[in-house]
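Since the structure is predicted, the reported quantities are computational estimates derived from the model, not experimental observations. Residues take their numbers from the sequence shown, with the count starting at 1.
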Amino acid sequence: MYLLYVVTMLAMVPMLLAQGWLHGKSLLMNLGTVAVKLAICAPLVQSAFGTTHLSHAFNGVCWFFSTLALIYLVSPWLMKRIAGWPHVWWVVVVLPVVVAVVYTGLGMVDARVSFFDDLAYGSPYMRVWFVVYGMVLARIIFAWRMNGTVPEWMSSAEIGVALSCIAWFFLRNTFVEMGSASALLRFVDVLLCGGLLFILSFERGCVSRLLERPGFLRFGHLAMYVYLIHYPLRMYWEPVVLRRLLGDQMSDALGLISVAIIVGLTMVLAVAWDKWQTTRRM
């Protein structure tokens, strides 16, 4: 993954240089900006700074990759602490509240301190609480599996929770612009995501069987490649093709065509990269 990350990051350097030139930056300042951002992004620490100028530098979606890398470093320590927690069922109830409170606090910092604007969304200080929640759920799942106490209703629950998550995906967009509802949205997000992971982990229903099909497993394998590749394609497509070549003549039809082309190219490149990686390891 890291090699592809570096490739997609370097692919965005011409775009960053062009943007700097259009904003009147000298060549020396342009190169200096690129060098500083490369030094921060190469070790995957950009999300720790809590500002989109760094966390979204080059390949803008890589804040997530950076956040995962930083949380991974503290994961062994977290697992040791969580292993000693008694009454983990109470933790399952309390942690979504903690997530909402932390999100609200970091959001206030983002709003009031000019340097920060990404603490409440893309920073490891926010995302680590989701990982803690997952670790707590893993303890409970392991205990249930060891005891063999899996209720019969688990297969039906798969359908209910999956449909609830799909409905919430569309419904929550109506509340996104409501600043006062942001913490509540996070609370519901964590509860539904946790419930889905918990139910699916027992693999008792039709949703699990569907996700175990070869096509879904293959797409899951390619998912991170798709994630890293699609953003540079999208960022080059709009300014180079839509604006320069087509004169910014946007329409619904052109929008659909653009999506189809970007998705198609992304999948082709993801599959090609995966095959190259497989060949390289042989």
Side-chain angles (χ1 to χ4, degrees), residues 1-12 44 47 56 58-72 75 122 127 130-131 133-135 137-138 141-142 145 150 154-170 172-173 189-190 192-237 241 255-282:
M1 288 307 306
Y2 183 75
L3 180 58
L4 179 59
Y5 163 70
V6 172
V7 169
T8 58
M9 183 171 63
L10 293 177
M12 290 300 294
L44 286 169
S47 64
H56 289 58
F58 303 109
N59 189 349
V61 297
C62 283
W63 64 266
F64 183 68
F65 199 33
S66 168
T67 300
L68 281 180
L70 293 173
I71 293 175
Y72 180 79
S75 290
R127 298 281 166 169
F130 303 144
V131 175
Y133 196 67
M135 290 178 177
L137 285 175
I141 292 166
F142 179 76
R145 282 183 174 275
V150 182
M154 197 67 78
S155 58
S156 300
E158 277 194 4
I159 299 174
V161 175
L163 291 176
S164 297
C165 289
I166 293 171
W168 178 244
F169 173 80
F170 293 102
R172 79 185 304 278
N173 291 333
D189 288 344
V190 173
L192 284 177
C193 183
L196 184 64
L197 292 175
F198 182 80
I199 297 295
L200 291 181
S201 66
F202 295 100
E203 303 176 344
R204 293 298 179 92
C206 60
V207 178
S208 294
R209 290 193 294 271
L210 176 65
L211 296 178
E212 289 170 354
R213 289 178 176 273
F216 278 100
L217 294 176
R218 175 64 172 160
F219 186 73
H221 175 72
L222 296 173
M224 200 63 183
Y225 297 155
V226 171
Y227 180 77
L228 290 175
I229 291 171
H230 87 278
Y231 188 84
L233 291 177
R234 173 177 166 268
M235 292 305 294
Y236 275 107
W237 180 266
V241 178
L256 290 173
I257 293 171
S258 297
V259 170
I261 291 174
I262 293 171
V263 170
L265 285 174
T266 298
M267 294 308 300
V268 168
L269 291 174
V271 171
W273 180 269
D274 183 55
K275 288 183 176 179
W276 178 73
Q277 286 286 81
T278 302
T279 304
R280 191 168 66 97
R281 294 191 190 102
M282 289 180 171

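In terms of heavy atoms, Cys62 sits closest to Leu228 at SG-CD2, 3.4 Å. Across all non-hydrogen atoms, the minimal contact from Leu192 to Cys165 is O-SG, 3.7 Å. The minimum heavy-atom distance linking Ser208 with Glu203 is given by the pair OG-CA, 3.3 Å. For the residue pair Val226 and Met267, the shortest heavy atom distance occurs at CG2-SD, 3.7 Å. Scanning all heavy atoms of the two residues, the minimum distance from Leu44 to Ser66 falls at O-OG, 2.9 Å. In terms of heavy-atom proximity, Ser258 sits nearest to Trp237 at OG-NE1, 2.9 Å.
Between Tyr5 and Asn59 there is no side-chain heavy-atom pair separated by less than 4.5 Å. Looking at heavy atoms from C-beta onward, Met9 lies out of side-chain contact with Leu4 at the 4.5 angstrom threshold. With a 4.5 Å cut-off on side-chain heavy atoms, Glu158 and Leu210 do not count as touching. Put simply, the side chain of Leu197 reaches to within 4.5 Å of the side chain of Cys193, judged on heavy atoms. Side chains of Leu233 and Leu269 form a contact here, defined as non-hydrogen atoms less than 4.5 Å apart.
We find the CE-CD distance between Met1 and Gln277 to be 9.0 Å, quoted to the nearest 0.5 Å.
Ring geometry, Phe198 versus Phe202: the interplanar angle exceeds 60°, so the pair is classed perpendicular (tilted spans 30 to 60°). The aromatic rings of His221 and Tyr225 sit perpendicular to each other, their planes meeting at more than 60°, with 30° as the lower class boundary. Ring geometry, Phe64 versus Tyr227: the interplanar angle exceeds 60°, so the pair is classed perpendicular (tilted spans 30 to 60°).
Within 6.0 Å of CZ in Arg280 there are more than 12 heavy atoms belonging to other residues, nucleotides or ligands.
Residues Phe219 and Phe216 place their aromatic rings such that the two centres sit no closer than 6.0 Å.
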